[in-house]
There are 2 protein chains.
Amino acid sequence: MEVTNKYIVIKHHIENAPKESHFELKTGTFALSVTPGSDDIIVKNLCISIDPYQINRMKSYSSSQNATNFTVPITPGEAVDALAIGKVVASGNAMFEKDDLVMGVFTWAEYSLVKEGSIIKKLESSEFPPLIISEFWNAYHFGPFFIAGFGGLTAYAGFFEVCKPQKGEKVFVSAASGSVGSLVGQYAKLMGCYVVGCAGNQKKVELVKEKLGFDDAFDYKEETDLNSTLKRYFPGGIDIYFDNVGGEMLEAAVANMKAFGRVAICGVISEYTDSGKRASPNMLDVVFKRITIRGFLAVDFMNVFEDFLAKTSDYLRTGKLKVIEDVSSGVDNIPSAFVGLFNGDNIGKKIINLAED
Amino acid sequence: MEVTNKYIVIKHHIENAPKESHFELKTGTFALSVTPGSDDIIVKNLCISIDPYQINRMKSYSSSQNATNFTVPITPGEAVDALAIGKVVASGNAMFEKDDLVMGVFTWAEYSLVKEGSIIKKLESSEFPPLIISEFWNAYHFGPFFIAGFGGLTAYAGFFEVCKPQKGEKVFVSAASGSVGSLVGQYAKLMGCYVVGCAGNQKKVELVKEKLGFDDAFDYKEETDLNSTLKRYFPGGIDIYFDNVGGEMLEAAVANMKAFGRVAICGVISEYTDSGKRASPNMLDVVFKRITIRGFLAVDFMNVFEDFLAKTSDYLRTGKLKVIEDVSSGVDNIPSAFVGLFNGDNIGKKIINLAED
C-alpha cells in the first residue's frame with residue numbers, strides 16, 4: 001500500500017540565520033510495506049523534537065578540524081532527520097512489530113523509513129513512570145519523553161558532571177525557559193544552589209520564577225549593559241554559568257565569575273547563525289580567576305544515563321521537576337517552528353505533533 | 001650607616017603597552033641598619049626576575065570581580081616589587097642573619113627593606129643540586145633559582161596537572177623560547193609527546209629546535225594565516241595547547257584542536273597591553289570538540305611543589321632540562337628590559353644582575 005507523504009527538506013546549505021524560505025515542503029509517494037528480506041521499519045511519526053543544534057548540521061562542510069565535522073550533515077533535498085516519536089506501521093526487523101511505540105532519529109515527515117543501523121528504541125511503559133505514560137496517552141505530553149533523551153542528559157550531565165556544583169553555590173543559567181536551561185535551573189535548586197536565569201521576554205521570566213522556582217530571573221532584552229546586570233544579580237559573583245547562548249552573555253558572565261568559577265557550554269545559539277557575535281571573554285579574567293570553560297556533549301556521558309533517568313523520573317513523578325512544552329501541529333509548520341527557535345518564539349521544549357495515533 | 005639607593009617606580013598606572021617613559025629612576029638615601037625592635041631585614045639585591053605578568057599589577061583598579069583584584073597592585077611613586085635574589089645586609093629577624101643568600105619579593109632597586117610578613121626564604125645549598133649552586137657561585141646563573149620558583153611551577157603544574165598529558169599526544173606551546181614555554185616543551189618531550197613551539201624570530205626558533213629539542217617550531221611573525229600554519233604543523237590536530245599569549249594564536253589553536261583537546265592558559269601577553277586583541281575562540285568548536293579551556297595560577301598547585309622541585313632538580317643536574325637566560329645589568333636597565341618583554345626582545349628568562357655579592 002502506498003500513501004502520500006509530506007516531508008521537509010533544506011533547499012541548500014544554510015550558513016546564517018535560518019528563514020522559512022530556506023525550507024521546502026515536498027510530497028512524495030511512500031510505501032507502507034517493507035521490502036521483503038530487508039530490516040527496514042516503517043514508522044508513522046506522532047511527534048517531533050525541534051532543536052536549535054540542527055542548524056549546525058545544515059551548514060556546508062569545511063576543512064578538517066572544524067566543528068561541523070563532528071555532526072552528521074543534513075543533505076539539501078533530503079528529508080531532515082530529527083529525534084521523534086512514532087508508531088511502527090510495518091517492520092522487517094524482528095525486534096519491532098506493528099503498533100510498537102518507538103523513539104528514534106526519524107524525519108521531518110509524516111512517515112519515515114528507518115534503515116538498519118538507525119537509532120530507534122521501543123518505548124515501554126515499564127521504562128517510564130505511570131504518570132507520564134498516562135499523560136502521554138491522555139493528552140499527548142511528549143515533552144517528558146524527549147527530556148528523557150539527550151536534552152535532559154545534557155542538562156543533567158552538564159550540571160552535575162561538568163559544573164561539579166556544591167550546595168549553596170551561585171548558578172547563572174541562560175536560555176532559562178528553554179528545554180535544557182529550564183532543567184538545569186531546577187536541578188540546581190533541588191541541590192540547594194542559588195539560581196538566577198535569563199530569558200528573552202517577560203512571560204518567560206515569570207514562568208522561570210513562578211513555575212520553575214528559580215530564585216530570580218531577568219529579561220536580557222531589557223538590559224543595556226549585561227555586565228552591570230549580572231553584577232546586580234550576583235553582587236558576590238557567579239560560581240557556575242551554564243551557557244546555552246555564547247556571545248555577549250558569555251563575556252559578561254566571565255567578567256562576573258568568582259575565583260575557580262566553572263562555565264559549561266552545551267550550545268551557543270547566538271553564535272550559530274552569526275559568527276560576528278562570537279564571544280571574546282577576557283582571558284585575563286580566565287587566568288587570574290582560574291576559570292574553566294568547558295564544552296561538552298551529552299553523548300559523552302552515557303555512563304550517567306541510568307542515574308539521570310532514575311532521578312529525573314522520580315522528580316517528575318513527585319512533581320519536583322516540571323517540563324515546559326511548546327507544541328505546534330503539522331509537517332507544514334515545522335520550518336516556522338524551527339526558524340522561531342532563533343527568534344526566541346518558543347517557550348520551553350519545542351515539539352510538533354504530527355498525528356494522534 | 002646610610003647609602004644612596006637607586007630604584008624604579010611607575011609614574012602612573014599603565015593601561016596599555018608599557019613604555020620606558022612610564023617609569024622613573026629615583027635615588028634616595030637608605031639606611032643599612034634595622035630599626036631596633038623591628039623584624040625588618042635589609043637586603044642587597046643581587047639579581048631580579050623580570051616578568052610580563054607585572055603589567056597587570058600596574059593597571060588601575062576596577063570594579064569587584066575583575067582580574068586586577070586578584071593581584072597585589074603596584075603603587076605609582078613606590079619602588080616596584082618583584083621576585084629577586086639578594087644577600088642579607090642586616091636583620092632584626094632571628095631567622096635570618098648577615099650574608100645569608102635569600103630569595104623573595106624584593107624591589108626594583110639596589111637595596112630593599114623587607115618588612116615582616118613579606119615573602120623571603122633562605123637559599124641553602126642542600127636545597128639545590130650541587131651543579132646549580134656551583135654554576136651560581138661561579139658564573140651567576142640565577143636562572144635555575146627562578147625556575148625553581150613560580151615560573152617553573154607554572155610550567156610543571158600547568159602541563160602535568162592542568163593539561164593531563166598522555167604519552168604520544170600532540171602539544172603546541174606558544175612563546176616557546178620564554179621562561180615558561182621553554183620548560184613546558186621540554187617536560188612534554190621528556191614524557192614522550194610530540195611538541196611544536198612558536199616564537200617571534202628565527203633565532204628563537206632555532207634555539208627551541210636545536211637546544212631545547214622541540215620536534216618543530218615556527219616564527220609566527222612570518223605567517224599570514226595562523227589557522228593554516230597550525231594545520232600544517234598538526235595535520236591530525238592538537239591535543240594540548242599551552243597558551244602564553246592569547247589573541248589570534250588562541251583562536252587558531254582552538255580551530256585546530258582535536259576532540260577532547262585541552263587548553264591551559266597561564267598568561268595572555270598579547271592581551272595584557274591591548275584589550276582589542278582579545279581572543280574570540282569559536283565556541284561552536286569548543287562545544288562540538290568538547291574542548292576545555294582552563295586558566296590557572298601556579299600558587300594553586302603548592303601540593304605538587306615538592307614533586308616539581310625533586311624532578312626538575314634531577315632533570316637539571318642530568319642535563320635533560322635546559323634553562324635559557326637573558327641577562328642584563330643594572331637598575332637603570334630594568335625599564336627597558338621590562339618594556340622589551342612585550343616586544344619579544346628577550347630570549348628566555350629575563351634577569352637583571354644588580355651586584356656580584
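Being a predicted model, the structure only gives us computed values, none of them experimental. Order of the sequence lines fixes the chain letters, A, B, ..., with proteins taken first and strands second; residue numbering starts at 1 for each chain.
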Checklist outcome for this item: Interface check, chain A: of B:Asp300, B:Asp243, B:Val286, B:Val263, most non-hydrogen pairs under 4.5 Å belong to B:Asp300
Checklist entry - So what's closer than 4.5 Å to chain B heavy atoms on A:Ile265: side chain, backbone, both or neither? => result both
Next on the checklist: Could you walk me through whether B:Val162 and A:Arg290 satisfy the side-chain contact (heavy atoms from CB on, under 4.5 Å) test, starting with their C-alpha distance in whole Å, then the side-chain angles of each, then the deciding distance to 0.1 Å, before giving a yes or no?
Outcome noted: CA-CA 11 Å; B:Val162 175; A:Arg290 296 84 132 187; over 6 Å; no
Which heavy atom of [X] sits nearest to which heavy atom of [Y], and what is that distance?
X	Y	value
B:Phe296	A:Val287	O-CG1, 3.8 Å
A:Leu297	B:Phe288	CD1-O, 3.9 Å
B:Pro281	A:Arg278	O-CD, 4.3 Å

Next on the checklist: Is it the case that atom NZ in B:Lys19 sees more than 12 heavy atoms from other parts of the structure closer than 6.0 Å?
Outcome noted: no
Next on the checklist: For B:Glu248, is the CD atom crowded, meaning more than 12 foreign heavy atoms sit under 6.0 Å from it?
Outcome noted: no
